[in-house]
Amino acid sequence: TMVDYTDLESYSVCPEDTCTNISYVGGVFRFNVSHWTTYAVRELVTSAPPVITSVILNSTNMSTNTTSENLTLYITESDPNGDLIKNITNWFVNNVSIMTFNMPFEGATNVTATRDYGPWKNNATFVSAVYNATGGFDGKGAYQFNNTETYVEIPDHASLDFDGNQTQFTVMAWAKTANSTEEWADTILSKGSSGSCVANYALFLGSGRAEFETANSSDCTGLNEMIGTTILQRDTWYHIAGVYNRTWMQIYVNGVLEAEGIRTAVPKANADPLRIGWGHATQLWNGSIDEVKIFNRSLSGSQIAAIFRNESNLIVHVETHGSERWHACVVPNDGTSDGTEMCSNNVSIAHSLPRQLNVYPANGSNITDRSPNFNWSNSTNGDELPPIYGLEIATSPAFSSLIYNQSNITNYPLGNTTNFTINYTLDTDTVYWWRVIAYDGSQFSAYSNATNFTLQSYVNFSLPIRDDDFGNMSLGAQNDTVD
């Protein structure tokens with residue numbers, strides 16, 4: 001128990017020569033005093049960390065776990081003091097984290113609030129910004145910057161650099177500007193000096209719009225830039241994400257793709273620190289920044305939208321590929337302290353079932369070619385694995401009596417469709433049904449919808465009707481309609 005025995009709102013242990021603690025029972029504080037005055041008393045509450053008791057990872061369909069299904073974490077947690085819990089999550093593919101940096105700004109001090117929860121533990125070593133424990137986009141922690149030399153600095157590390165050896169990455173953060181006008185190049189984060197055009201990557205505001213930038217030279221000739229369309233309003237939180245995929249750049253604002261295009265300059269790594277709130281001596285952030293994350297892959301728009309919705313427990317299906325093994329590790333945080341990390345079970349991903357659509361002969365059509373060419377849309381399974389096909393032709397929609405069954409069709413051309421001409425002569429004046437099945441080396445798809453066509457025994461044609469005047473002709477003369 002602490003006592004303000006000086007009446008200066010400064011609580012400390014009461015000296016023995018001033019008061020002697022006798023008991024503290026049922027909220028009643030009893031003690032002896034050497035002289036009478038008014039004292040204020042405060043109970044010390046020891047803040048126990050939050051606890052996770054289970055982390056279970058499931059796919060949308062637990063019996064299949066294919067690349068067409070999302071992955072969802074189910075977390076059971078509690079806090080002894082009833083504090084709200086934030087589950088800080090890292091995702092792993094084949095035991096390798098997909099995040100190289102994960103700094104959510106949660107904690108009670110600059111040391112705990114600037115912890116990197118990613119695998120490399122790139123914790124900040126210099127902080128001149130002001131921490132606000134309830135100033136974040138979600139009502140939890142964030143840092144405030146005042147457009148001066150206030151920033152958070154993380155030392156250079158290979159995991160923070162992206163170049164020709166690692167050219168897929170995503171950077172993101174929540175940001176809130178305090179500027180009332182459209183400032184140029186207020187920097188959210190920068191690996192190197194974005195103001196000097198040498199940042200490995202940077203997120204900032206360009207005339208009030210979110211901008212993602214990479215550089216590959218010592219001057220501004222090697223810049224890749226992608227600029228959003230939304231004018232960021234004052235005192236409003238925005239989620240901003242930049243995606244780079246070898247030669248393609250994208251920028252998202254609040255989970256929505258705002259700009260994308262080809263950019264060919266490969267980013268150049270540097271030895272500079274990663275700074276949050278700083279891009280140059282004159283390009284400093286004025287406002288708040290929260291939850292800085294860097295991924296070693298180009299995230300899909302669906303995944304970025306899920307992160308914007310604060311669904312850190314979700315991996316959308318387009319992020320997964322066949323034969324991968326996923327799991328996640330979670331650290332609970334109550335705004336003051338971290339609980340013990342707990343990891344989930346593994347989920348192995350199977351190839352999703354490829355699907356295709358019959359194109360020709362079209363349903364209900366009439367044809368005359370007795371060895372027709374069949375055409376269908378190519379299967380896609382999320383893994384870009386070229387499947388093989390099977391073609392079945394029957395005289396009934398139940399396919400009970402097949403008259404043609406060809407498997408291992410692999411002569412698929414580049415493009416969106418597959419063409420295959422059968423080496424079989426069909427009977428005329430017959431209605432046929434056909435369908436296609438695909439196999440991707442792991443499993444079969446469902447059959448395509450059955451399609452029927454009629455093979456006709458005649459060719460429809462029409463003769464023009466024309467009147468020709470041969471005039472007067474002598475006996476035995478000849479003429480024709482050729483002329």
Side-chain angles (χ1 to χ4, degrees), residues 67 71 73 88-104 115-124 154-173 188-192 199-203 212-216 224 226 239-252 260 263 265-276 291-308 312 314-331 343-344 346-347 349 382-384:
T67 55
L71 297 176
L73 275 178
I88 303 168
T89 305
N90 274 321
W91 289 91
F92 295 80
V93 180
N94 300 329
N95 292 324
V96 177
S97 174
I98 67 172
M99 303 181 72
T100 61
F101 187 74
N102 184 6
M103 190 170 285
R115 172 185 172 184
D116 172 23
Y117 290 80
W120 300 103
K121 310 303 179 187
N122 292 310
N123 300 326
I154 297 92
D156 176 50
H157 190 273
S159 64
L160 301 174
D161 282 317
F162 299 96
D163 54 21
N165 296 319
Q166 174 62 54
T167 53
Q168 294 189 56
F169 64 95
T170 302
V171 296
M172 62 177 61
I188 301 169
L189 63 88
S190 182
K191 179 66 168 62
N200 185 218
Y201 50 85
L203 285 179
F212 175 42
E213 174 185 287
T214 67
N216 78 338
N224 293 320
M226 197 56 58
H239 185 262
I240 302 170
V243 180
Y244 184 85
N245 185 359
R246 293 183 175 89
T247 59
W248 194 257
M249 289 183 72
Q250 298 174 317
I251 189 162
Y252 292 79
E260 63 179 339
R263 297 293 186 270
V266 177
K268 182 180 179 181
N270 59 46
D272 296 322
L274 170 65
R275 291 190 178 102
I276 300 169
E291 286 210 354
V292 179
K293 297 180 179 181
I294 302 176
F295 295 80
N296 57 14
R297 57 168 51 197
S298 53
L299 293 182
S300 65
S302 298
Q303 188 63 45
I304 292 173
I307 295 172
F308 162 69
S312 62
L314 176 69
I315 292 292
V316 299
H317 69 90
V318 293
E319 296 295 327
T320 67
H321 297 84
S323 301
E324 291 178 340
R325 189 178 68 256
W326 283 75
H327 79 276
C329 293
V330 184
V331 176
C343 296
S344 74
N346 289 316
V347 170
I349 308 299
D383 301 320
E384 300 179 356

Between atom [atom1] of [X] and atom [atom2] of [Y], what is the distance when rounded to the nearest 0.5 Å?
X      : Y      : atom1 : atom2 : result
Ile307 : Glu291 : CD1   : CD    : 9.5 Å
Lys121 : His157 : NZ    : NE2   : 12.0 Å
Met249 : Arg263 : CE    : CZ    : 7.0 Å
Asn245 : Ser300 : CG    : OG    : 11.5 Å
Leu71  : Trp326 : CG    : CH2   : 7.0 Å
Ile251 : Ile304 : CD1   : CD1   : 10.0 Å

Measure the acute angle between the ring planes of His327 and Phe92, then classify it against the limits of 30° and 60° as parallel, tilted or perpendicular. parallel

Looking at side-chain heavy atoms only, is the closest gap between [X] and [Y] below 4.5 Å?
X      : Y      : value
Phe212 : Leu203 : yes
Val243 : Trp248 : no
Arg297 : Val93  : yes
Met172 : Phe295 : yes
Trp91  : Leu73  : yes
Leu274 : Ile294 : yes
Ile154 : Asp116 : no

Please check this pair: side chain of [X] against backbone of [Y], looking for a donor-acceptor N/O pair closer than 3.5 Å.
X      : Y      : result
Thr170 : Leu299 : yes
Asp161 : Asn200 : no
Ser344 : Ala328 : yes
Glu324 : His321 : yes
Glu260 : Met226 : no
Asn224 : Glu213 : no
Gln166 : Gln168 : yes

Can you name the closest pair of heavy atoms from [X] and [Y] and give their distance?
X      : Y      : answer
Val318 : Ser302 : CG2-CB, 4.5 Å
Asn95  : Arg325 : ND2-NH2, 2.9 Å
Pro155 : Leu160 : O-CD1, 3.6 Å
Ile188 : Ala173 : CG2-CB, 3.9 Å
Asn122 : Phe101 : O-CE1, 3.5 Å
Asn90  : Ser97  : OD1-OG, 4.4 Å

Would you indicate whether Trp120, at its atom CH2, is surrounded by more than 12 heavy atoms from other residues, nucleotides or ligands within a distance under 6.0 Å? no

With a sphere of 6.0 Å drawn around CZ of Arg246, does it hold more than 12 non-hydrogen atoms of other residues, nucleotides or ligands? no

Show the numbers, then the answer: is there a salt bridge (charged side-chain N to carboxylate O under 4.0 Å, His left out) between Lys191 and Asp156? CA-CA 8 Å; Lys191 179 66 168 62; Asp156 176 50; 2.8 Å; yes

Are Tyr244 and Phe162 an aromatic pair by the rule of ring centers under 6.0 Å? no

